[in-house]
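Note that the structure is predicted; figures quoted are calculated from it, not measured.
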Amino acid sequence: MDLLELREKLDRIDEEIVKLYEERMELCSQVADYKIATGKKVLDKSREEEKLRKVCALTHNDFNACGVQELFEQIMSTSRKLQYHKLGEKGAKGKLPFIGVEQVDKQEARVVFQGAEGAYSQLAMMQYFGEDVNCFHVDTFRDAMCAIEEGSADYAVLPIENSTAGIVNEIYDMLAEFENYIIGEQIIRIEHCLLGLPGTDTGQIRTVYSHPQSLMQSARYLNAHAGWQQISMQNNAFAARKVKEDGDKSQAAIASEHAAKIYGLDILARGVNQSETNSTRFIIVTNQRIFLKNAKKVSICLEVPHESGSLYHMLSHFIYNGLNMTKIESRPIEERNWEYRFFIDFEGNLADGAVKNALRGLREEARSMRILGNY
């Protein structure tokens, strides 16, 4: 047979496949009706595993067996999504434990940030809540998360990602650990400055203090001054405060212009970080299960079964529901070697039907799933 004849045969077979697929999905729809009426769960893992064994046994070689398994995994995944959709239409499991609000109460809020006066976190807080915000600061990210969990603060402002240095691992881990939720975000441009005591000349400097990421982001500038000792600190503002308190002109800090104003330091050099587009994304976190009614981004974390294809099937819920996934990160799960927790951002609102449908499927099929916030 020539190529044209082969293609004609393939077309006829494909038409039969489509016809049989639609017949199958009609039966799946009836299965969904039965499960809704009886309260049975959509996912029946043992039934699916038995089905896969049977269809693979019908093939005549290992290559076809692998292909048929992949095909039927996809068919059954689509069947489940149809069932979740019908559940949504019937109003089953459609409510989420979050309350929509018109706006964040910025006037009465008490806000905590990590670091000292002059930290970038303080700057992000002031841009989001206003300069007159009622606030206090703590030494560590964990202290900030504990403050809102315990109720001594309504909101915390925490850095979660830098455009050049990447994610802040500790924040991701604590989002999974604490029952706190993201309500907003604030992105600020980062311009590191070299700060010194008034009247200091760069020729006097012997030691530079800053956060490790800030030192790394300023490596090109610092490498041009090879004689300077670089010492890491927990926060840029702590570095600026140390220079102020020590009163030693041989010391300098890499921090923000805001920190220079707070501690009365001179700006010896501006923009010492090599990237002119360097920005940090801060999240606004609360212990309340609320979301803004006009929110457009959802953050979740989930754990998947430690088996082939499990993440692929989780992500298919976004495709099927037409949701745009904007970010995925993984973090190792403590005490479970080589297993990972995934953090996913996607566009949508918790009130949207497509979002509810996707979350319904993820919650049922993932080992565990948590909504981290809608903002």
Side-chain angles (χ1 to χ4, degrees), residues 95-114 120-130 133 135 141 144-145 147-149 151 153-163 166-189 279-302 317-318 321-329 331 341-360 362-363 369-375:
K95 294 183 179 180
L96 295 169
F98 284 78
I99 299 172
V101 298
E102 295 294 341
Q103 61 186 8
V104 172
D105 182 7
K106 298 181 180 181
Q107 298 297 320
E108 302 297 327
R110 182 161 169 78
V111 186
V112 60
F113 66 94
Q114 183 271 338
Y120 281 113
S121 293
Q122 183 188 32
L123 189 58
M125 176 193 67
M126 292 167 64
Q127 288 189 14
Y128 188 86
F129 288 96
V133 59
C135 66
F141 296 141
M145 291 294 267
I148 52 173
E149 185 179 60
D154 300 307
Y155 302 98
V157 180
L158 300 165
I160 192 167
E161 179 183 17
N162 179 265
S163 59
I167 67 170
V168 183
N169 292 331
E170 187 180 355
I171 300 300
Y172 274 91
D173 292 341
M174 286 193 294
L175 283 172
E177 176 185 350
F178 287 82
E179 288 288 334
N180 294 328
Y181 307 93
I182 307 170
I183 187 64
E185 66 179 358
Q186 182 70 48
I187 298 174
I188 64 169
R189 181 174 176 268
S279 298
T280 295
R281 182 165 68 99
F282 293 83
I283 52 174
I284 317 303
V285 184
T286 179
N287 66 353
Q288 306 170 66
R289 289 187 176 184
I290 59 175
F291 69 99
L292 294 175
K293 290 183 178 179
N294 63 350
K296 297 179 180 178
K297 176 161 56 172
V298 180
S299 291
I300 64 172
C301 70
L302 55 84
H317 287 282
F318 300 109
N321 288 286
L323 300 173
N324 182 33
M325 188 177 72
T326 57
K327 189 175 184 62
I328 181 168
E329 298 285 350
R331 292 289 301 147
R341 180 179 291 114
F342 295 92
F343 295 82
I344 296 171
D345 293 348
F346 63 94
E347 295 175 355
N349 186 284
L350 291 179
D352 297 342
V355 172
K356 289 182 179 180
N357 198 39
L359 293 175
R360 184 182 297 115
L362 289 167
R363 180 176 284 113
M369 191 277 288
R370 268 192 61 207
I371 300 170
L372 300 176
N374 188 198
Y375 49 101

With sequence neighbours left out, write down each residue that passes side-chain contact (heavy atoms from CB on, under 4.5 Å) with Ser163, or none if nothing qualifies. Asn278, Ser279
For Asp154, does its backbone N or O pair with a side-chain atom of Thr286 as donor and acceptor, under 3.5 Å? yes
For residues Ala144 and Val112, report the shortest heavy-atom separation together with the two atoms involved. O-CG1, 3.9 Å
Can you list the residues that meet the side-chain contact (heavy atoms from CB on, under 4.5 Å) rule with Asp173, with sequence neighbours excluded? Arg331
The criterion is side chain to side chain donor-acceptor pair (under 3.5 Å); which residues satisfy it with Glu179, sequence neighbours excluded? Tyr181
First locate atom OG1 of Thr326, then atom CD1 of Ile344, and finally report the distance between them rounded to the nearest 0.5 Å. 10.0 Å
For Arg370 against Asn180, the heavy-atom pair lying closest together: NH2-O, 3.5 Å
Ring pair (Phe, Tyr, Trp, His ring centres under 6.0 Å) partners for Phe129, two or more places apart: Tyr155
Looking only at non-hydrogen atoms, find the nearest pair between Phe346 and Met325 and report the distance. CB-CA, 3.8 Å
Scan Val298, Asp352, Asn324, Leu323 and name whichever one has a side chain to side chain contact (heavy atoms under 4.5 Å, CB included) with Glu347. Asn324
What distance do Gln103 atom CD and Ile290 atom CD1 have between them, rounded to the nearest 0.5 Å? 11.0 Å
Those residues that, when tested against Phe342, pass ring pair (Phe, Tyr, Trp, His ring centres under 6.0 Å) (two or more places apart): none
OG1 on Thr280 to CG on Leu123, rounded to 0.5 Å: 10.5 Å
Considering residues at least two apart in sequence or located in another chain, which fulfil the ring pair (Phe, Tyr, Trp, His ring centres under 6.0 Å) criterion with Phe282? none
Inter-residue atom distance Leu158.CG - Ile284.CD1, 0.5 Å rounding: 8.5 Å
For Tyr375, give me all partners under ring pair (Phe, Tyr, Trp, His ring centres under 6.0 Å), at least two apart in sequence or on another chain. none
Please enumerate all residues that pass side chain to side chain donor-acceptor pair (under 3.5 Å) together with Lys327, with sequence neighbours excluded. Glu161, Glu329
With sequence neighbours left out, write down each residue that passes side chain to side chain donor-acceptor pair (under 3.5 Å) with Glu177, or none if nothing qualifies. Arg142
Just verifying a value: how many Å separate Leu350 CG and Phe98 CZ, rounded to the nearest 0.5 Å? 6.5 Å
Hits for side chain to side chain donor-acceptor pair (under 3.5 Å) against Asn169, two or more places apart or cross-chain, chain-then-number order -> none
Provide the closest heavy-atom pair for Phe343 versus Tyr172 in the form atom of the first, atom of the second, distance. CZ-O, 3.2 Å
Using a 6.0 Å cut-off, check whether atom CD1 of Ile99 has over 12 heavy atoms from anything other than its own residue. no
Side-chain touch Tyr128/Val104, heavy atoms, less than 4.5 angstrom: yes
Can you tell me which residue among Leu372, Leu175, Val157 is in a side chain to side chain contact (heavy atoms under 4.5 Å, CB included) with Ile283? Leu175
So how far is it from Met174 CE to Met145 CE, rounded to the nearest 0.5 Å? 5.5 Å
Can you see which heavy atom on Ala176 is nearest to which on Arg341, and at what distance? CB-CD, 3.6 Å
Is it the case that the side chain of Asn321 and the backbone of His317 share a donor-acceptor pair, with hydrogens and angles ignored and the cut-off at 3.5 Å? yes
Phe141/Val168 under side chain to side chain contact (heavy atoms under 4.5 Å, CB included): CA gap, chis, key distance, verdict: CA-CA 11 Å; Phe141 296 141; Val168 183; 4.0 Å; yes
Given side chain to side chain contact (heavy atoms under 4.5 Å, CB included), test Arg363 with Ile371 step by step and report yes or no. CA-CA 10 Å; Arg363 180 176 284 113; Ile371 300 170; 4.0 Å; yes
Residue pairs fulfilling salt bridge (charged side-chain N to carboxylate O under 4.0 Å, His left out) with at least one residue in residues 96-109, sequence neighbours excluded: Glu102-Lys293
Heavy-atom closest pair, residues Leu359 and Ile300: CD2-CG2, 4.0 Å
If the condition is side-chain contact (heavy atoms from CB on, under 4.5 Å), which residues does Ala295 pass it with, not counting sequence neighbours? Leu292, Asn349, Asn374
